[in-house]
2 protein chains.
Amino acid sequence: MAAKSEQTRQLVADVALKMFREVGFEKTTMRAIAQEAGVSVGNAYYYFASKDDLVQELYIQVQDEHAVVAAHALEGVQDLVGRLKAVLHTGVDVMAPYHQFGSDFIATAIRPSSPVNPFGEASTAAREASLAIFRSAVEGASPAVAKKLRRDLPELLWLAHMGVALFWVYDRSEGQRRTRKLIDGAAPLVARGLSLAKIPGVSKVFDDALGLVRSVKEDS
Amino acid sequence: MAAKSEQTRQLVADVALKMFREVGFEKTTMRAIAQEAGVSVGNAYYYFASKDDLVQELYIQVQDEHAVVAAHALEGVQDLVGRLKAVLHTGVDVMAPYHQFGSDFIATAIRPSSPVNPFGEASTAAREASLAIFRSAVEGASPAVAKKLRRDLPELLWLAHMGVALFWVYDRSEGQRRTRKLIDGAAPLVARGLSLAKIPGVSKVFDDALGLVRSVKEDS
DNA sequence: AGAATGTTTTGAACGTGTTCAAGAATGAGT
DNA sequence: ACTCATTCTTGAACACGTTCAAAACATTCT
C-alpha cells in the first residue's frame, strides 16, 4: 500500500507550506521542516528533490485554488471587464497569504532551470490550468470578443496576469491596495483597447502585433 | 593614500566579473574569487558585503557601457523607430557576454531586498543613467513624439526594455536571434501605435492609460 | 622613536541546501 | 518461516555564502 508513503509526503508538504506562510521562505529551513514534521532531513529529500520543489508544491496548490475560486467568481458575470476583474482579483486573493514570501517565490520561479518556472516543463499542468481560466473568461464573455483576437487573447492576458503578480510582489501598500487599483483601472482599459480593433487604422496595428507575437513564439 | 585599497577592490571586482563571464554564476564561488585574486575570503567581503554586491558591480558596468554605446548608435538617427531599435539592440549587445549568466542575474535582481534590484535605492544611479538614454532617444526624435506622451514615454520604454531583457534571458536561440526579431518587430509597432493617439477615439484610451499609470505610481 | 588610532587582511567557524552510503521496514514469492 | 528485492529512513558529510575576533599593517600624533 502506497498510503503510508503518501502520508509522509503530504506531511512534509503541509508542514513546509505552513511554515512558508508563517515564518517566511528563508527561515523555513529544510532542517526546520524535517524537525517540525518529525522526520529526518534526508527523508524530506526523498520526496522532494529540492527546496524549490516544495515551492512548486505551493505553486500548484495556489493555482488549483485560483481555478476553483475564479470559476465561482465568473458565474453570472457576462461582460469582459467584469470577468477580467474577477479572474485577476481572485488571483491576488489566493496569493495574499504568501505576500511576504512573494519575492522569494518569484526569484525562484524566474530561473529557467527551476521546476517552478511558469514557462517550464515541470509547470505545464499548472500553466495549462491557469491558461484555461483565462480562456474561459474570454470565451464566456458577452458581448463576445472579436474573433481574430479570441485565439491569442487568453495567452496574452495570462502574461498580463504574470505582470500583475510581479507588481503585486513589489506592492508594499496595505492589503496591496495599489494592485487592486491597477486591476480595476486596467481591466476596463483592456476592454476599451480591444474594442478599438474595429477602427480600420487601428486594426492593422493589431494584426501586425499579433503576427509579431506569433512569429516570435514559433521561431523555436 | 587610498590607491592600495582601491587596487584590491578593483582586483576582486575584475576577477569576479571575469569569472562570472567565463564559468558562470554558480561556479564562481566567493572562495574561488578570493583564491584567483590571491586574497582571503574575508578580504573580499571587506569590499563587497555580499556576492550580490559583485553582481551589482557588473550591473553598473554593463549599464555604463550601454549608455556609451547607445549614445554613439543614436548619432545621426532621426526617426523614433531607428532610435528605439538602436537603444534596444545596443542593450542586448552589452549584455551578450553574460547571457548564460542572465537568469541568475535576473533572479538576484528581482528580489526587492537585493542591491541590484533596478527599482531599488542602491540602483538609483544606474537606473537614472538608463532612463536618460531613453529620454534622449525620445526627445531627439523627429518627427517629434506627441507632447502629451513625451513625459511618460521614456519611463514606459525603459520598462519595456526590462521586458526585452527578460525575454532575452529566456531566449535560447543562437545569438538570441529571437530577441533581435522581437526588437525589430516591436519598435515600428510602438511608433505606429503612438501615432494612433491622434485618432479621437483612441486618444481617450491613451489618456486614461497614462492617468492610470500615474495614479498607481504616485499612490505610495 | 614610540604610542595610539585607524585601516586592511586573515582564516576558522556558523548555518544553509544538498548528497549519499548505510541501515531499517515492508512486502512478495516460496 | 525464511529469503530477497524494493521501498523508506537516517544522520553524517560536503561545499557554499557569510560573519567575526584577532592579527597585521599603515598613519598620525606627541
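Labels below follow one simple rule: chain letters A, B, ... track the order of the sequence lines, proteins then strands, and each chain is numbered from 1.
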- Query: Across the strands shown, which category fits A:F48 at heavy-atom distances under 4.0 angstrom: base, sugar-phosphate, nothing?
  - Reply: nothing
- Under-4.0 Å salt bridge between A:E218 and A:R214: no
- Task: Would you mind reading off the distance between B:Y45 atom OH and C:dT7 atom C1', rounded to a whole angstrom?
- Result: 21 Å
- Ion pair check, A:K217 and A:E155, cut-off under 4.0 Å: yes
- Message: Could you tell me how far apart A:K51 (NZ) and C:dT19 (P) are, to the nearest whole angstrom?
- Response: 15 Å
- Whole Å only: how far is the CD atom of B:Q7 from the C1' atom of C:dT7? 16 Å
- Message: Tell me whether the side-chain N/O atoms of A:T8 come closer than 4.0 Å to OP1 or OP2 in D:dT9.
- Response: yes
- Task: Round to a whole Å and report the spacing from CD of A:Q35 to P of D:dG11.
- Result: 12 Å
- Query: For the pair made of CE in A:M19 and P in C:dG17, what is the distance, rounded to whole Å?
  - Reply: 10 Å
- Interatomic distance, B:E26 CD vs D:dC14 P [rounded to whole Å]: 21 Å
- Query: If you measure only the distance, is there a donor-acceptor pair under 3.5 Å linking the side chains of A:N117 and B:Y170?
  - Reply: yes
- Message: Could you tell me if the side chain of A:S136 sits less than 4.5 Å from the side chain of A:R83, heavy atoms only?
- Response: yes
- Look at A:R180 together with A:D171 and state whether they make a salt bridge at an N to O cut-off of under 4.0 Å. no
- Message: Need to verify one output field. Residue with the more 5' nearest nucleotide on DNA chain D, A:V39 or B:K27?
- Response: A:V39
- Could you pick out which residue, B:T29 or A:G42, lies toward the 5' side of DNA chain D when each is mapped onto its nearest nucleotide? A:G42
- Message: Students often get this wrong, so: under 4.0 angstrom with heavy atoms, is B:V41 touching a base, only sugar-phosphate, or nothing?
- Response: base
- Message: Between C:dG15 and A:R31, counting only base atoms on the nucleotide and side-chain atoms on the residue, is there a donor-acceptor pair under 3.5 Å?
- Response: no
- Message: If I take atom CZ in residue A:F25 and atom P in nucleotide C:dG15, what distance separates them, rounded to the nearest angstrom?
- Response: 20 Å
- Nearest to the side chain of A:Y46 - D:dT9, C:dT9, D:dT18? D:dT9
- Item | Integer-rounded Å distance: D:dC16 P and B:I33 CD1 | 11 Å
- Has A:N43 got a side-chain N or O lying under 4.0 Å from the OP1 or OP2 atom of D:dC8? no
- side-chain N/O B:Y47 vs C:dT9 OP1/OP2, d < 4.0 Å: yes
- Message: Whether A:S40 contacts D:dT9 is assessed here as follows: a side-chain N or O lying under 4.0 Å from the phosphate OP1 or OP2. Is that the case?
- Response: no
